[in-house]
Protein chains: 2
Amino acid sequence: MMVAVRTSATLLRMSTGPLPTLPLRERKRLRAMRNIQSVALELFDREGFDTVTVERIAELAEVSPSSIYRWFGTKEQLIIWDEYDPASLVAFQERLADTEPLEALREVVSLTMGAAFDDDAERIKLRLRLAFTNPSVEAASILQTHEMAQLIAGIIASYRDSDPSDLDIQVAAHGFVGALLGALRHWYASDFTTPIEDIIERPLAVIEQGAGLP
Amino acid sequence: MMVAVRTSATLLRMSTGPLPTLPLRERKRLRAMRNIQSVALELFDREGFDTVTVERIAELAEVSPSSIYRWFGTKEQLIIWDEYDPASLVAFQERLADTEPLEALREVVSLTMGAAFDDDAERIKLRLRLAFTNPSVEAASILQTHEMAQLIAGIIASYRDSDPSDLDIQVAAHGFVGALLGALRHWYASDFTTPIEDIIERPLAVIEQGAGLP
DNA sequence: CCATCATATGACAGTGACTTCCATCTGCGG
DNA sequence: CCGCAGATGGAAGTCACTGTCATATGATGG
């Protein structure tokens, strides 16, 4: 989440109905997960992340706690999880064939974050607010963005035919996601009034031209 | 830790004895904490972070688990905690009177990371390895660097007489610590063969001139 | 449409990090 | 040396998370 990237399939989707091609079992699980996340978000919003137990979410969503842990892994992922993340990753990797990494990143992130925000702005806001409000959720979010950085590092490395642990690449990848996280924090702090384009554009500009600070 | 910054007091210190000015009670607590951390690091190194329980660390260090939690807060902080961090922060803030923020950052971080590494290289290496190896410790480390970013953002903001949540400032601060974390990860991956100067210099260069990537 | 099989779910019993509370102890000032 | 404030240790409790296994349910071939 947070840096949620959506595939074109999502953009074409008009309603929130399930994709008809998926097996019945998968569809059921996704529907349950959507429901569980909704229940969890509402409870977290009303009573705070720490106060609400997973057991209570399970009761309200009418599933077993075991299933919640099997599907989401951790309590924090109830907020962080984004249904469309996997598909978005695929879309990003497809685009890499045509464009160079940073440009592909710009296009996909920009396009899909806008789409995600248009699609269900309130849910995105709530998730970001919860992420920046609670320390453990924040930690999980940050960790996730760092996994993204490692991913980007790997992609840039293969593009330049060098090693992912290369200093330049590490610094650029982590600098970017760090800056993106900072931009998202600003976005949240500004109550989402800053245009999305800026939120994407500035972190990329930092890598390309520097922050131009004092 | 990780971006450990040490005060000049530390640099002047020749042995590892306690500072004589501190009250007896504080000295005792610091001595206990040093010992607990040593015990913990050794156990984590030998048996893995998840396998070792806090209770067992408490037994070996001859303190109660209560005290460990009171002093360190979390199990992860047994690795992350750095005795000299608070004093280093003070040193950084003192230097801000003379120099502009980025330069002060460069000087203090460079000087003190070098000193820390010279002082007890093996301990630093071990802590970094544990931090980059175990997910929960990594999360805690990353969270700490983000607190550092917020701190830097605040300092730059007051220097430029603007708001800490300003987009430029947020992006620069988080970009820097993100890049620094990336550099540290590279440092660890290179088995600490990369010169420390580079580890500090590159992240700052990213902010000042960009990564110059593709 | 049904039997069979693979797989997913739910119930249960743990483990261990972390919190809270209180009795006890120990430096510290008079 | 005494009395006090604050620190420590001990015990009991909460809850996230993990394994295990019987049961249920969707997929598959007849």
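Chain letters run A, B, ... following the sequence lines, proteins first and then strands; every chain starts at 1.
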Enumerate all atom pairs, one protein N or O and one N or O from nucleotides 23-27 of chain D, separated by less than 3.5 Å.
{"from": "dG26(D)", "atom 1": "OP1", "to": "K28(A)", "atom 2": "NZ", "distance (Å)": "2.6"}
{"from": "dA27(D)", "atom 1": "OP1", "to": "L24(A)", "atom 2": "N", "distance (Å)": "3.2"}
{"from": "dA27(D)", "atom 1": "OP1", "to": "R25(A)", "atom 2": "N", "distance (Å)": "3.2"}

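Checked options R123(A), R34(A), R127(A); the residue passing with D82(A) is R127(A) (criterion: salt bridge (Lys or Arg N to Asp or Glu O under 4.0 Å)).
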Carefully, step by step, assess F72(A) and V54(A) under the rule side-chain contact (heavy atoms from CB on, under 4.5 Å). CA-CA 11 Å; F72(A) 289 94; V54(A) 172; over 6 Å; no

Decide side-chain hydrogen bond (donor to acceptor under 3.5 Å, both in side chains) for T193(B) and D191(B); before the verdict, give the C-alpha distance in whole Å, the side-chain angles of both, and the deciding distance to 0.1 Å. CA-CA 6 Å; T193(B) 52; D191(B) 203 29; over 6 Å; no

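One interatomic measurement links the two molecules: CD of E62(A) to P of dT9(C), which rounds to 16 Å at whole-angstrom precision. The OH atom of Y69(B) sits 15 Å away from the C1' atom of dA11(D) (whole-angstrom rounding). Counting to the nearest Å, the P atom of dT18(D) and the CD1 atom of I68(A) are 14 Å from each other. In this entry the distance linking CH2 of W71(B) with C1' of dG9(D) reads 10 Å, nearest Å. In this structure, E76(B) atom CD and dG16(C) atom C1' are separated by 12 Å, rounded to whole Å. Separating the CG atom of L22(B) from the P atom of dC28(C) is a distance of 11 Å, rounded to the nearest angstrom. Here dA16(D) presents its P atom at 18 Å from NZ of K75(B), a figure rounded to the nearest Å. dA11(D) atom C1' lies 14 Å from atom CZ of R70(B), rounded to whole Å.
Within residues 37-61 of chain A, no residue approaches DNA chain C, by heavy-atom distance under 4.0 Å.
The side chain to side chain contact (heavy atoms under 4.5 Å, CB included) test applied to E62(A) returns no partner, not counting sequence neighbours. Residues passing the side chain to side chain contact (heavy atoms under 4.5 Å, CB included) test with A40(A) are F44(A), I57(A), L78(A), sequence neighbours excluded.
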Taking only distance into account, with no hydrogens and no angle test, what donor-acceptor pairs under 3.5 Å do side-chain atoms of residues 146-153 of chain B form with protein atoms, sequence neighbours excluded?
{"from": "H146(B)", "atom 1": "ND1", "to": "H174(B)", "atom 2": "ND1", "distance (Å)": "3.2"}
{"from": "Q150(B)", "atom 1": "OE1", "to": "Q170(B)", "atom 2": "NE2", "distance (Å)": "3.4"}
{"from": "Q150(B)", "atom 1": "OE1", "to": "H174(B)", "atom 2": "NE2", "distance (Å)": "3.0"}

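For dA11(C), its base never sits under 3.5 Å from the side chain of S64(A) at any donor and acceptor pair.
The backbone N or O of W81(A) lies less than 3.5 Å from a partner atom in the side chain of Q37(A), making a donor-acceptor pair.
Among residues at least two apart or in separate chains, ring pair (Phe, Tyr, Trp, His ring centres under 6.0 Å) pairs with a member in residues 175-194 of chain A are F117(A)-W187(A), F132(A)-Y188(A), W187(A)-F192(A).
The pair R56(B)-E59(B) does not meet the salt-bridge criterion, since no charged nitrogen lies less than 4.0 angstrom from a carboxylate oxygen.
When the nearest nucleotides of DNA chain D are assigned to R29(B) and S66(A) by heavy-atom distance, the more 5′-ward of the two goes with R29(B).
For S67(B), a side-chain nitrogen or oxygen approaches OP1 or OP2 of dG9(D) to under 4.0 Å.
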